[in-house]
Enquirer: 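First the structure, then my questions, so here it is.
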Amino acid sequence: METYYAEVAVLAPLPRTLSYRLPDKDGERVAPGIRVKVPLGRRSAVGVVVALKPFAVDDEAVQRERLKAIDAVLDEMPLLPERLLEFIERASRYYVHPLGLALKTALPAGLSSLKGAPKIRQTRVYRATDSSVNLRGTLQQQILSFIVQHQPVDLTQLRDQFTSPYPVLKRLEELGVICCDEQESLRDPFVGCQVTADQPPTLNEAQQSAVHSIAEGLDGGDFKPFLLHGITGSGKTEVYLHSIAAVLAADKQALVLVPEIALTPQLVARFRARFEQQGQRIGVLHSGLSAAERYDMWRAIVRDEVTIVIGARSAVFAPLTRLGMIVVDEEHDDSYKQGEGFRYQGRDMALLRGQMEQVPVVLGSATPSLTSYRRMQQGALSEVSLPTRIGDRTLPEVRLIDMREAEVEHGLSQELIEALQLRLERGEQSLLLLNRRGFSPYLLCRDCGASFRCPNCDITLTWHRQAGALRCHYCDYVEPPQELCPRCGGAAIEPEGMGTERLAAELQERFPEARIARMDRDSTAAKGAQQQLVSRMEAGEVDILVGTQMIAKGHDFGAVTLVGILDADAALNFPDFRAAERSFSLLAQVAGRAGRGDVRGEVLVQTYAPDSPVLECAVTHDYKHFVELELPMRQLLVYPPYGYLVNLVVSGLDRPAVEGCARRLAERLMAAQDVEVLGPAPCPLFRLRNRYRVQILLKASTRAALRHMLNESPQWRSIFPATVSLAIDVDPADMM
DNA sequence: AGCACGCCGACT
DNA sequence: GTCGGCGTGCTC
């Protein structure tokens with residue numbers, strides 16, 4: 001007699017879990033972490049079992065009567081280990097997001113819909129059953145002994161070894177000396193990318209002491225979070241590698257988060273070079289994987305076949321069961337924050353997971369986020385620092401160029417042009433950072449001043465000349481360019497402003513002999529294009545690389561001696577309290593790209609605000625000074641890390657309805673004493689994807705005050721008609 | 001998110 | 001008189 005029922009988090013925006021009776025078939029397989037197909041209203045949906053609960057004894061029959069039964073059990077074994085499930089539950093509560101949707105975000109795509117779960121690929125594997133038989137053919141003997149030595153052997157291996165082994169295998173099977181069966185196989189994302197094993201280098205004193213501190217944290221089996229503060233080129237990766245070696249030696253697994261792994265193939269290669277020869281398997285999880293590859297990787301991790309997982313933000317939910325350490329590389333990076341839906345912060349979740357699993361967490365950065373810096377000051381993070389560059393290479397010289405007085409050509413100051421010229425003559429490489437993709441940010445009619453705007457969003461359309469299209473960078477809208485101005489009929493439509501595409505084209509005119517390449521989201525959209533660009537750069541086949549902030553992250557181009565930053569002011573003038581922090585770290589990161597070889601690097605920063613203290617700190621490579629300037633400003637305004645924020649974004653198609661709802665919600669929230677309610681105010685992007693957007697910013701000096709307010713959020717629904725929606729952004733990274 | 005129920009406009 | 005618009009509400 002069944003006495004249990006299942007609590008199921010359906011992968012839909014439901015406010016709570018639902019209870020179901022166990023199915024007649026496969027009922028014994030139902031356990032926390034198993035996916036199930038359940039009836040929901042008049043349809044079916046996928047859900048994850050979060051608990052099995054006994055019926056209350058007194059009226060079991062009545063309760064059972066009320067529940068529907070699970071339709072089918074979808075997994076053989078739990079896809080989510082129990083502790084991971086608990087972790088995701090905590091995360092969903094913290095971010096006030098329905099558990100079902102949080103699970104949907106955590107699970108690999110394809111597992112959350114009823115159809116479309118990627119196929120599990122099978123391969124034939126051969127095993128020897130009887131090696132005593134005397135075989136006549138030499139090929140038969142060779143193949144059999146190969147199978148005996150390496151079994152189980154799959155067909156690909158045999159094909160590599162022998163030309164057309166298939167008929168022989170068939171014969172051997174008939175003779176009963178081998179047998180063949182089907183086995184699940186994983187799609188290997190590393191196919192064809194071999195790496196050669198490396199030798200762990202000798203660490204310098206600072207690195208040794210960092211590894212020592214971190215490894216000490218391992219022994220205790222405690223939650224020990226570290227802030228690894230190491231300037232660019234100081235060898236942080238080597239500290240990760242050595243610490244992880246210690247984790248593996250203790251038979252535990254490591255999880256490494258990077259801002260966007262597709263951007264850092266070099267890092268993955270270093271991990272493979274260090275650990276693969278030792279029989280460790282490295283798994284990668286990132287947006288570049290196909291749904292099938294992702295699914296395979298997830299299963300491989302669940303089955304404990306992988307010891308190191310390297311991945312982007314969502315890898316913080318990787319189903320490792322023997323986790324021994326979490327590393328968050330470039331912890332200051334904005335891309336750890338998911339900007340929509342389940343708006344979690346990967347770095348913060350790494351800390352939470354580390355705490356729940358009682359393992360050390362290492363946050364590494366050259367320019368730690370002010371949040372982490374403050375935590376370190378308060379003793380919540382232990383600082384380990386790497387104050388010098390490997391091999392005592394000097395930091396590059398950074399100079400500001402005052403664009404108010406500069407002679408400008410193609411958006412480049414004379415000084416920068418001369419510097420580029422010099423590198424070309426010397427055969428050295430240059431990087432130019434321009435954080436704006438496309439040819440130009442808009443097309444303008446010279447006669448009447450009209451520009452082309454997105455019909456769905458509140459912005460101008462970016463002109464992409466190569467693609468021959470005007471594109472909205474916020475929604476999917478695309479339109480062809482027009483010869484004549486739609487407003488005045490004039491023919492004087494011209495591109496205004498400078499994007500990477502245009503910069504690359506104009507530079508080519510200015511330096512016809514130079515080999516110029518462009519790296520941005522557009523030029524790296526094709527699979528492998530990114531890697532190819534990096535390879536060309538490393539092979540010295542590129543003289544000048546033009547790119548968006550993509551070029552600032554993770555790459556290690558040895559021969560670059562000049563970095564030019566074209567629009568330092570863009571990030572600085574961003575309407576956001578974190579603008580200064582972002583600018584500083586971006587400048588520091590890009591500057592760190594220069595002069596990693598033997599020649600000292602030079603960084604030229606074009607700006608209209610040369611007196612800005614942020615730029616001043618970047619020039620002197622003075623992180624501490626920057627922090628000392630910025631922290632008091634944050635404190636004064638009770639912004640993070642001194643206060644806590646939640647951004648409520650009210651949106652909908654009907655402008656008055658949105659504005660009305662926001663006003664009523666804000667009025668209702670005003671009553672709280674310990675939370676400051678700012679707004680409602682229109683979002684900087686007032687209209688986005690056809691929706692009007694208004695925000696209410698909540699600010700408090702304690703998390704508890706905000707938590708208290710957010711606990712009431714289910715009741716706010718009464719204010720909202722179904723046409724107006726509310727997004728809750730806990731710890732927002734930006735407020736666009 | 002789906003999906004159905006329900007209450008107001010332009011059609012045979 | 002209906003067909004169907006989408007606003008509203010529920011899903012064990």
Side-chain angles (χ1 to χ4, degrees), chain A residues 2-27 30-74 85 88-89 92 95-117 291 338 340-343 649-662 664-665 689-692 713-728:
Chain A
E2 138 200 328
T3 50
Y4 289 89
Y5 65 92
E7 262 323 283
V8 176
V10 182
L11 305 186
L14 304 180
R16 39 181 246 96
T17 57
L18 303 178
S19 314
Y20 290 90
R21 258 166 37 225
L22 302 189
D24 298 335
K25 190 169 161 286
D26 301 325
V30 174
I34 288 272
R35 288 180 313 134
V36 289
K37 179 185 170 196
V38 291
L40 183 70
R42 262 145 284 242
R43 74 207 153 98
S44 290
V46 176
V48 173
V49 176
V50 295
L52 282 182
K53 289 184 175 170
F55 287 108
V57 250
D58 35 341
D59 55 356
E60 181 183 334
V62 180
Q63 291 180 52
R64 286 185 53 179
E65 199 61 25
R66 279 210 293 264
L67 300 185
K68 288 188 189 173
I70 288 170
D71 279 336
V73 181
L74 300 176
L85 200 54
I88 297 171
E89 286 185 73
S92 90
Y95 289 105
V96 202
H97 202 67
L99 177 58
L101 295 185
L103 284 163
K104 193 174 174 174
T105 309
L107 282 170
L111 296 190
S112 40
S113 68
L114 279 168
K115 36 186 179 289
Q338 173 127 346
E340 340 176 298
F342 180 29
R343 298 166 178 252
V649 179
V650 180
S651 72
L653 300 171
D654 181 43
R655 182 173 171 169
V658 169
E659 286 169 338
C661 279
R664 267 172 287 146
L665 177 58
R689 291 184 201 99
N690 216 15
R691 299 175 73 87
Y692 292 93
S713 61
Q715 281 111 71
W716 300 345
R717 295 196 68 188
S718 60
I719 299 176
F720 286 76
T723 51
V724 177
S725 56
L726 170 69
I728 300 176

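Sequence lines set the chain letters: A, B, ... in the order given, protein chains first and strands last, and positions in each chain run from 1. This structure is a prediction, so every number in the text was calculated from the model and none was measured.
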Enquirer: Closest approach of A:L52 and A:V30, non-hydrogen atoms and distance?
Expert: CD1-O, 3.5 Å

Enquirer: Looking at A:S19 and A:L67, what are the two nearest heavy atoms and their distance?
Expert: O-CD2, 3.6 Å

Enquirer: Indicate, with a heavy-atom threshold strictly under 4.0 Å, whether A:R43 touches base, sugar-phosphate, or nothing.
Expert: base

Enquirer: NA contact type, A:S19, heavy-atom cut-off 4.0 Å: base, sugar-phosphate, or nothing?
Expert: base

Enquirer: Find the distance A:L11:CG to B:dG2:C1' and express it as a whole number of Å.
Expert: 14 Å

Enquirer: Does A:R42 or A:A12 map to a spot on DNA chain B nearer the 5' end, using the closest nucleotide for each?
Expert: A:A12

Enquirer: Please state whether the rings of A:F342 and A:Y95 are parallel, tilted or perpendicular, taking 30° and 60° as the class boundaries.
Expert: perpendicular

Enquirer: Provide the start and end nucleotides, 5' to 3', of the part of DNA chain C that has atoms under 4.0 Å from heavy atoms of chain A.
Expert: C:dG7 to C:dC12

Enquirer: For A:K25 and A:V73, indicate whether the former's side chain and the latter's backbone hold a donor-acceptor pair under 3.5 Å.
Expert: no

Enquirer: For A:S92 and A:A102, work out which heavy atoms get closest and say how close.
Expert: CB-CB, 3.7 Å

Enquirer: Ignoring hydrogens and angles, tell me if any N or O in the side chain of A:Y20 forms a donor-acceptor pair with the backbone of A:P39 under 3.5 Å.
Expert: yes

Enquirer: If you look at every strand shown and take non-hydrogen atoms under 4.0 Å, does A:R717 touch a base, only sugar-phosphate, or nothing?
Expert: nothing

